[in-house]
Amino acid sequence: MPTTAAAAIDLLLARTRDPLATATSRFLARQLVSLAQPAFNIAFRDLFISGTLTTERRRLLYRVDAFSVDAARIDLVRVGQSVLPQVPFSALALLDRNWFRRLGPQHRCWAALGREWFILYPGREEIGTVTVLATKITARLGSEAAALELPDVRQQPLLDFVETLMLARRRLFESVKPTLERLGAHLRDAEAA
Amino acid sequence: MSVLTPIVGEVPVGFSSLWSLANLPEPGTPIKVFVPARGGLRISQTGSATPAPDEFRLDGQTITLGVALLDFLHDDHPLVDYWTTQFFQTGTALILSLVDDLSLGQADATQVADILTNVLDDLALRGWLVSVTPYTVTAGTATYDLALNAVSLLAVLGDDTQLSPTRELSLEMLDADWRARRGRPSALVRDFENDRAFRVWPTPDVTSKAAGANALGDGFPTGALHVLTLDRRDPIPEWLALPVALLVLAREFVRESDHRDVAFASTCQALADVLLELIAR
């Protein structure tokens, strides 16, 4: 599988029988790969980022981008060696209507509030740290030299997806149908892997 | 190599120029550039072993490419000789540009703008994009407006309590004089005739204090409300740009028009569904 944006673009242009990029510019092909790939990593969670978040006094609600602007979703929160259990936000509010300002000696669980916020429950009087593991938003393919981060098994459906879109843009619907079917098969392979 | 001179006018997306560190003026020298709406500037190292781009999100304004950028170039990466710059788009501008590109220019810009608003409203209801907005409470004022971009009210947090949702009818049955009650709000009352506002009960008897530095922590403004809403977001996170563009195309090409194309619309819808299903996992 291609390791760079340039190789992926070459492959896509070859597959769509447009090697000179007359129907689809290399810029657009790169943009489509770049914009599609985060969804594949959000689903399959191959690439993570981890780090330390410094918690604030009496604060429970944190923005995910306070941890990292490249985090798509928090997957795990750890205090020391203990992994905090995740609870649904709706359950937190049902169990404790005063959750928002609840304080305790240590965080007992965490909850996601959409994709951009998370809650450490309860809050603490002291500043502390937690270790956060998050699914990474794949880096923008800023140039053709940029590396594709997804592993091979995920690149298959990613490239099928972009190929289908490039064909649909040109209204080549006879070719769209088999590529959509191939996309479905490769997505199933990716899930099984 | 381009000469480092002021760039006048709208910079086309994908505009790129190569700059040399030797040609850069001293830090602090202003260089005017005009960035596309909701755009930014990407700076990549050329000839570097680690060509990771650095991006400045400038959000569509005329900016002075002065102190910050030049300090960055001079001080943070002094060993890199050449830089390429490229302007890029984010948010709505990126989506509209994708819609135009993928539709081969056929999409109707006026219709697309309306469709985009509807798509962003629908997307908000998926619950991925939540806003937490502090509200100043005024003593004697029970009703507060939602922000213009709020699509759905998720919760209202009082001082330390998530207000319990209730209905006017329930309060009426409990206390005929409920509107006159004053105190610390404990309930959230939705008015079905005006979904752009909400009422807290009892009516606050104290005006909230100003927030401190850590407004969600120990600087929490006593008496204030924090309102959690699902939003129509602009700019939306970039990982949602492509599915949104595809949903817009699906609706634009299925409606009655001189460029109606049901096959294209259904393919765009299918591809949008693939991405949204992946993101939802």
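Bear in mind that the values here come from a model prediction, so they are computed numbers and not experimental data. Just the heavy atoms: all of them, side chains too, but no hydrogens, waters or symmetry mates, feed the values below. Naming convention: chains lettered A, B, ... in sequence-line order (proteins, then strands); numbering from 1 in each chain.
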### Test: Asp261(B) and Arg171(A) ion pair at under 4.0 Å
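Counted as a salt bridge, because a side-chain N and a carboxylate O are separated by less than 4.0 Å.
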#### Entry: Test: Asp218(B) and Arg57(A) ion pair at under 4.0 Å
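Yes, Asp218(B) and Arg57(A) are salt-bridged.
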Side chain / backbone / both / neither for [X] at chain A, heavy atoms under 4.5 Å:
| X | value |
| --- | --- |
| Leu246(B) | side chain |
| Thr161(B) | both |
| Leu249(B) | neither |
| Leu276(B) | neither |
| Leu154(B) | side chain |
| Ala245(B) | neither |

### Query
Is there a side-chain contact between Arg115(A) and Arg126(B) (heavy atoms, below 4.5 Å)?
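A side-chain contact is absent here, since even the closest heavy-atom pair is not under 4.5 Å.
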### Query
Taking side chain as C-beta onward, heavy atoms only, is Phe161(A) less than 4.5 Å from Leu275(B)?
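They are in side-chain contact.
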Heavy-atom pair of closest approach, residues [X] and [Y]:
| X | Y | result |
| --- | --- | --- |
| Ile279(B) | Arg73(A) | O-NH1, 4.4 Å |
| Ile42(A) | Trp239(B) | CD1-CE3, 4.0 Å |
| Pro237(B) | Glu116(A) | CG-OE2, 4.0 Å |
| Arg101(A) | Leu216(B) | NH1-O, 3.5 Å |
| Ala93(A) | Gln162(B) | CB-OE1, 3.2 Å |

Could you give the distance from [atom1] ([X]) to [atom2] ([Y]), rounded to the nearest 0.5 Å?
| X | Y | atom1 | atom2 | answer |
| --- | --- | --- | --- | --- |
| Leu32(A) | Leu271(B) | CG | CG | 10.5 Å |
| Arg97(A) | Ser186(B) | CZ | OG | 10.0 Å |
| Leu278(B) | Asn41(A) | CG | CG | 10.5 Å |
| Leu157(B) | Phe100(A) | CG | CZ | 5.0 Å |
| Arg170(A) | Phe264(B) | CZ | CZ | 13.0 Å |
| Trp128(B) | Leu113(A) | CH2 | CG | 15.0 Å |

With a 4.5 Å cut-off on heavy-atom pairs, point out which of [options] contacts chain B the most.
| options | answer |
| --- | --- |
| Ser34(A), Gly114(A), Ala36(A) | Gly114(A) |
| Arg63(A), Arg45(A), Arg102(A), Glu191(A) | Glu191(A) |
| Leu165(A), Thr138(A), Thr55(A) | Leu165(A) |
| Leu180(A), Val176(A), Thr164(A) | Thr164(A) |

### Toward chain B, the part of Leu35(A) with a non-hydrogen atom under 4.5 Å
both
### Query
What part of Tyr62(A) lies closer than 4.5 angstrom to a heavy atom of chain B: side chain, backbone, both or neither?
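For Tyr62(A), there is no contact with chain B at all, as no heavy atom is under 4.5 Å.
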### Task
Would you check if the side chain of Arg169(A) reaches a backbone N or O of Asp101(B) as a donor-acceptor pair within less than 3.5 Å?
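Flag set: sc Arg169(A) to bb Asp101(B) pair under 3.5 Å.
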Among [options], residue most engaged with chain A (heavy-atom pairs, under 4.5 Å):
| options | value |
| --- | --- |
| Gly127(B), Ser164(B), Ala155(B), Ala241(B) | Ser164(B) |
| Asp159(B), Leu230(B), Asp160(B), Leu242(B) | Asp160(B) |
| Val274(B), Val130(B), Thr267(B) | Val130(B) |

### Task
Under the side chain to side chain contact (heavy atoms under 4.5 Å, CB included) rule, what do Phe220(B) and Arg59(A) come out as? Steps first, then yes or no, please.
CA-CA 9 Å; Phe220(B) 185 82; Arg59(A) 178 169 180 167; over 6 Å; no
### Query
How far apart are the C-alpha atoms of Leu98(B) and Gln31(A), what are their side-chain angles, what is the distance that settles it, and do they pass the side chain to side chain contact (heavy atoms under 4.5 Å, CB included) test?
CA-CA 9 Å; Leu98(B) 282 169; Gln31(A) 190 179 34; 3.9 Å; yes
